[in-house]
Amino acid sequence: MDAPPAGTGSPAVGTPPPTVGPTADRLPRGVHAGYALGSLATGAFGTVPGLLLLPYLTDTLGVAAGVAALLVLLPKAWDVLVNPVAGRISDRTRSRRGARRPYLLGAGLALAVLFAAIFAAPFGTGPAAGAYVALAFLATATAFAFFQVPYVAMPAELTGDYAERTRMMTWRIAVLALAILVSGAVAPLVRDAGGGGVPGHRWMGLFVAGLIVLGAVGAYLGTRSAPTGTVGESEPTLRAQLRVAGRNRPFRALLLCFVVQSAGVATILAGVDYFATQILRNPDGGPTVLFVCFVAPALLVMPLWSRVGRRYGKLAGLVAASLIFAVGALALVAAPILPAVAVYLLVALIGVGYAGQQVFALAMLPDCIAYDTARTGRRQAGVFTGLWTAGETFGLALGPGLFGLMLQLTGYVSSDTGEAATQSGTARLGILLGFTVLPALLVGAAVLLLRPYDLTPARLAGAHPHGRGTTTS
């Protein structure tokens with residue numbers, strides 16, 4: 001990195017904030033594509049642990065389901081503390097490469113190395129192996145915070161155009177969907193090709209680490225010609241910045257909704273292996289087919305969701321996408337009596353809803369940040385995105401934790417052979433409910449939390465420094 005954080009000093013007061021109303025502030029497509037490449041890293045890290053870490057612990061290392069759920073959840077709880085700190089540090093970094101880009105490279109490469117270490121299994125199987133995974137996952141989550149928080153903060157500073165931020169998110173979510181598809185579908189194949197068990201997971205860890213390196217380096221190089229954003233005054237302390245973020249009512253509503261919905265999405269990811277093995281009775285190709293059905297529609301419907309947003313607004317689009325997700329997941333509870341093709345079609349419907357939910361939530365976040373900047377004249381996108389990514393990563397960890405708790409309560413039997421043990425009917429019911437009803441309730445009910453959200457292009461354009469003209473609470 002070119003420069004360390006700037007200590008306690010603040011940049012000069014009076015620098016105007018970025019424009020937040022609709023403007024001609026268009027970015028080159030190369031910047032769109034370059035920025036979007038970072039989603040290879042976020043998609044891989046957000047997907048593979050949620051998909052494979054819990055079954056790795058229960059079916060390869062022999063860790064009890066309840067303990068495995070805690071080992072997955074607790075390291076991510078650390079993100080609630082470290083992500084806002086990472087955001088503040090990047091807010092106060094001064095570099096010729098901008099405040100955010102140095103972290104894309106440094107933290108991204110560290111993330112790749114630590115991810116491979118999660119599945120290295122130097123202690124074989126048993127309790128010591130589980131403890132090692134928890135510590136390695138904690139270190140990896142810390143590196144991810146210093147990559148993701150600056151990365152997510154960048155759109156609010158790259159452009160002041162309301163619609164341009166939606167276009168940026170469309171590019172990003174398209175690459176994110178591709179990253180999820182490649183990492184989630186191919187990682188189990190790499191594991192199986194590597195012999196399964198501990199050796200197969202080691203090869204899988206190296207494969208995903210390569211994807212992370214490609215995403216981090218691609219985003220760093222792809223945004224080298226992008227504007228670095230306007231530098232304004234920030235609040236003097238982290239506590240003061242958190243208070244400002246907490247008073248931003250639209251941000252608060254959007255964040256709460258996204259955290260709950262992330263937990264719902266994560267229960268689907270955590271259950272794929274179990275659902276394919278125990279419900280569909282297809283342990284070999286089932287997880288890959290399910291994952292392709294879940295993610296592939298996102299690549300196809302992304303332009304459609306973008307048009308929905310332009311015509312009906314981002315909020316309406318988010319609500320519609322969330323309800324599509326919930327309806328598809330609820331219908332999937334009939335999977336044991338449905339033909340396989342119907343099951344895969346319902347999973348594809350869930351994927352359509354997931355694509356829209358991601359596009360609109362991530363396009364609304366920079367609007368909340370720009371609204372705060374316009375009202376206060378202060379540059380603190382990092383703190384907002386620190387809170388956002390802390391909530392998101394906590395939700396993504398909470399999902400596997402809830403799914404693991406469901407397994408524990410319904411009597412799931414762990415194994416240290418690399419293959420799932422034979423399960424009771426009650427355990428199989430727990431898998432079914434955890435994969436269908438639980439995510440449907442989390443994603444569908446979360447839209448009620450959006451009622452206070454009221455940002456529109458007109459309101460953004462009418463925002464004034466220091467809160468004159470509008471209020472947020």
Side-chain angles (χ1 to χ4, degrees), residues 18-23 25-27 29 31-33 35-36 38-39 42-43 46 148-149 151-177 179-180 226 229 248 250-259 261-262 265 298-299 301-322 324-325 352-374 381 384-385 387-389 391-392 443 446-447 449-450 452-461 463:
T19 303
V20 296
T23 72
D25 191 11
R26 298 290 295 269
L27 296 170
R29 287 190 177 182
V31 172
H32 284 171
Y35 175 75
S39 288
T42 61
Q148 187 190 30
V149 174
Y151 177 69
V152 176
M154 290 179 74
E157 298 169 349
L158 294 180
T159 176
D161 188 278
Y162 180 86
E164 183 71 1
R165 288 192 288 268
T166 301
R167 285 187 286 269
M168 284 194 70
M169 289 306 105
T170 300
W171 277 78
R172 179 189 166 192
I173 299 303
V175 175
L176 179 63
I180 292 172
N248 188 319
F251 172 77
R252 194 169 63 232
L254 183 63
L255 174 63
L256 289 174
C257 174
F258 196 69
V259 169
Q261 291 193 335
S262 293
V265 171
L299 299 174
V301 303
M302 209 65 66
L304 175 63
W305 280 125
S306 185
R307 289 196 292 271
V308 168
R310 287 195 299 269
R311 181 167 183 177
Y312 299 105
K314 301 176 188 181
L315 178 60
L318 176 55
V319 171
S322 302
I324 289 173
F325 183 110
V352 170
Y354 166 74
Q357 180 259 341
Q358 291 287 305
V359 164
F360 292 118
L362 293 176
M364 292 157 71
L365 171 62
D367 295 338
C368 295
I369 297 172
Y371 182 56
D372 175 79
T373 304
F384 279 89
T385 55
L387 288 170
W388 179 270
T389 55
E392 179 187 15
V443 173
V447 299
L449 299 171
L450 291 170
Y453 188 91
D454 57 0
L455 282 187
T456 62
R459 182 162 185 175
L460 281 170

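Residue numbers run from 1 in the order of the sequence given. Excluded from the calculations below are hydrogen atoms, water molecules and symmetry mates; all remaining heavy atoms, backbone and side chain alike, are included. Here the structure is a predicted model, which is why all the values come from computation and not from measurement.
Shown here for Q357 and V265, the closest heavy-atom pair between the two residues is OE1-CG2, 4.2 Å. Nearest heavy atom pair, residue A36 against residue V175, reads O-CG1, 3.2 Å. The two residues S322 and V447 come nearest to each other via the heavy atoms CB-CG1, 3.4 Å. Across every non-hydrogen atom of D367 and Y453, the tightest pair is CB-OH, 4.3 Å. Residues A253 and P452 approach most closely at CB-CD, 3.9 Å, considering heavy atoms. Closest heavy-atom contact between W305 and F360: O-CZ, 3.1 Å.
In this structure, the side chains of S306 and V359 stay at 4.5 Å or more apart for every pair of heavy atoms. For the pair Y312 and R307, the minimum side-chain heavy-atom distance is 4.5 Å or more. Contact of the W388 side chain with the I369 side chain is not registered, since no non-hydrogen atoms from C-beta on lie closer than 4.5 Å. Using a 4.5 Å heavy-atom cutoff, the side chains of Q358 and I180 are not in contact. Considering only heavy atoms from C-beta on, R172 comes within 4.5 Å of V152 through its side chain.
Looking at residues two or more places apart in sequence or on another chain, you find no side-chain hydrogen bond (donor to acceptor under 3.5 Å, both in side chains) involving S262.
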### Task
Mind running side-chain contact (heavy atoms from CB on, under 4.5 Å) on K314 and L254 for me, showing each step along the way?
CA-CA 12 Å; K314 301 176 188 181; L254 183 63; over 6 Å; no

